[in-house]
Amino acid sequence: MTSWRDRRVNSEGEEDLGEGITSRPPQVSLPIECLCGMVHGIISGPVPHHQICHCRNCKKITGGTHGDFLVVKNHRLTFTRGLSVMSLYEVGAPFNVVKFVFRCGECCTPIYIKRRDIQSTDTFVFAGCLVNTEWLDQHGPNDEINKSDKCAWFPKLLRTGTPSPESEFQLVSAEPDIEMVRGIRLSASEEDSESDE
């Protein structure tokens, strides 16, 4: 039996099973939009790779603790409205551009990122732009990168050993034993006694 790392997959995501037999992965059609509704698009084709990035630039771009992306080939993302209102920001310009961030020019929602080479074939669509966010309930992250910048409290992703296109990681819930409240650390027993008052 071949491991998932030894699988042969063509540009359309079809796996060569040998002897002229191919297997086609599940196909999706995922609508995306910005906060104000000016920008609309569709991700189509094989289930996208779901990636979390913990780098400092993604934290600043999102205003959060990480970037949450659906990685697709350029031709798998089609805009149906609002392409003309999108703005481009070059992270690291003018001398060391590391990312290109495309946002809605009206509401500033980040829509997608291209890496250093704007001609690359990969597009990183922000998962928060999905119209149907319930899709993410069945399609958790496949991968996380730049873990050295990861927040210590962020849940761990564990490999499940399931080959792609299914997720090879499983999200493990974080259960904090301490909560910060107004700068004071409380244990679970102290929280219970405070709530009784």
Side-chain angles (χ1 to χ4, degrees), residues 4-5 13 28 30 32-35 39 41 43 45-74 76-77 86-104 107-181 183 185:
W4 67 271
R5 294 179 202 275
V28 296
L30 301 171
I32 63 168
E33 68 181 6
C34 66
L35 185 61
V39 176
I43 296 171
V47 174
H49 182 80
H50 187 177
Q51 183 177 73
I52 291 177
C53 180
H54 299 283
C55 82
R56 292 177 185 167
N57 284 331
C58 282
K59 290 177 182 182
K60 290 177 183 178
I61 292 166
T62 64
T65 59
H66 62 282
D68 191 356
F69 303 102
L70 301 175
V71 184
V72 298
K73 296 296 178 194
N74 293 342
R76 299 289 185 194
L77 175 62
M86 288 184 56
S87 65
L88 167 68
Y89 178 73
E90 299 175 353
V91 178
F95 303 110
N96 187 27
V97 175
V98 292
K99 294 180 183 175
F100 296 92
V101 182
F102 294 83
R103 296 178 177 269
C104 171
C107 65
C108 297
T109 300
I111 307 295
Y112 69 95
I113 288 179
K114 297 286 288 179
R115 287 201 178 148
R116 181 173 305 185
D117 177 10
I118 200 163
Q119 301 300 320
S120 72
T121 60
D122 291 331
T123 300
F124 296 77
V125 181
F126 284 90
C129 290
L130 285 177
V131 171
N132 179 7
T133 56
E134 290 84 27
W135 183 84
L136 292 170
D137 292 338
Q138 282 77 47
H139 298 87
N142 300 96
D143 169 12
E144 60 182 337
I145 60 173
N146 297 309
K147 293 188 253 183
S148 62
D149 290 331
K150 181 177 179 175
C151 295
W153 55 264
F154 196 84
K156 293 180 181 178
L157 294 177
L158 298 178
R159 289 185 183 271
T160 62
T162 307
S164 238
E166 296 293 324
S167 174
E168 66 174 276
F169 288 86
Q170 175 183 351
L171 188 61
V172 177
S173 297
E175 295 189 27
D177 56 345
I178 300 173
E179 182 179 337
M180 292 296 289
V181 179
R185 290 184 177 203

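Small disclaimer: the values here were computed from a predicted structure and weren't measured.
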Original post:
Can you find a pair of side-chain heavy atoms, one from Phe69 and one from Cys58, that are under 4.5 Å apart?
Top reply: yes

Subject >> Distance in Å, Asp149 CG paired with Lys59 NZ, rounded so as to fall on 0.5 Å steps >> reply: 5.5 Å

**OP:** Check the pair Leu77 / Ile32 against side chain to side chain contact (heavy atoms under 4.5 Å, CB included), numbers first and verdict last.
**Re:** CA-CA 10 Å; Leu77 175 62; Ile32 63 168; 3.8 Å; yes

**OP:** Find the distance between CD (Glu90) and NZ (Lys114) and round it off to the nearest 0.5 Å.
**Re:** 14.0 Å

Original post:
Do Asn74 and Thr123 meet the criterion of a side-chain donor-acceptor pair at a distance under 3.5 Å?
Top reply: yes

**OP:** Would you indicate whether the side-chain heavy atoms of Val39 and Thr109 approach each other to under 4.5 Å?
**Re:** no

Original post:
Backbone N or O of Ile61 within a donor-acceptor pair of the Lys99 side chain at under 3.5 Å?
Top reply: no

**OP:** Would you name the heavy atoms of Pro48 and Trp135 that are closest together and state the gap between them?
**Re:** CD-CH2, 3.9 Å

Subject >> Nearest heavy-atom neighbours spanning Val28 and Pro46 >> reply: CG2-O, 3.8 Å

**OP:** Report the relative orientation of the aromatic rings in His66 and Phe154; use parallel for angles under 30°, tilted for 30 to 60°, perpendicular for over 60°.
**Re:** perpendicular

Subject >> With Val125, the side-chain contact (heavy atoms from CB on, under 4.5 Å) member among Ile113, Val72, Asp68 >> reply: Val72

Original post:
Do the non-hydrogen side-chain atoms of Leu35 and Cys104 ever get within less than 4.5 Å of each other?
Top reply: no

Original post:
What about Phe100 and Tyr89, are their ring centers closer than 6.0 Å?
Top reply: no

Subject >> Reported CG-to-CG distance for the pair Leu130 and Leu136, which is rounded to 0.5 angstrom >> reply: 5.0 Å

Original post:
Can you tell me how far the CD atom of Gln51 sits from the CG atom of Asn146, to the nearest 0.5 Å?
Top reply: 8.5 Å

**OP:** Would you check if the side chain of Asn142 reaches a backbone N or O of His50 as a donor-acceptor pair within less than 3.5 Å?
**Re:** yes

Original post:
Under a 4.5 Å cut-off applied to non-hydrogen side-chain atoms, are Thr62 and Phe126 in contact?
Top reply: yes

**OP:** Of all the heavy-atom pairs spanning Pro110 and Arg103, show the shortest one and how long it is.
**Re:** CD-NH1, 3.5 Å

Original post:
Hey, are the side chains of Cys34 and Ile111 touching, using non-hydrogen atoms and a 4.5 Å cut-off?
Top reply: yes

Subject >> Side chain Lys147, main chain His54, donor-acceptor under 3.5 Å >> reply: no

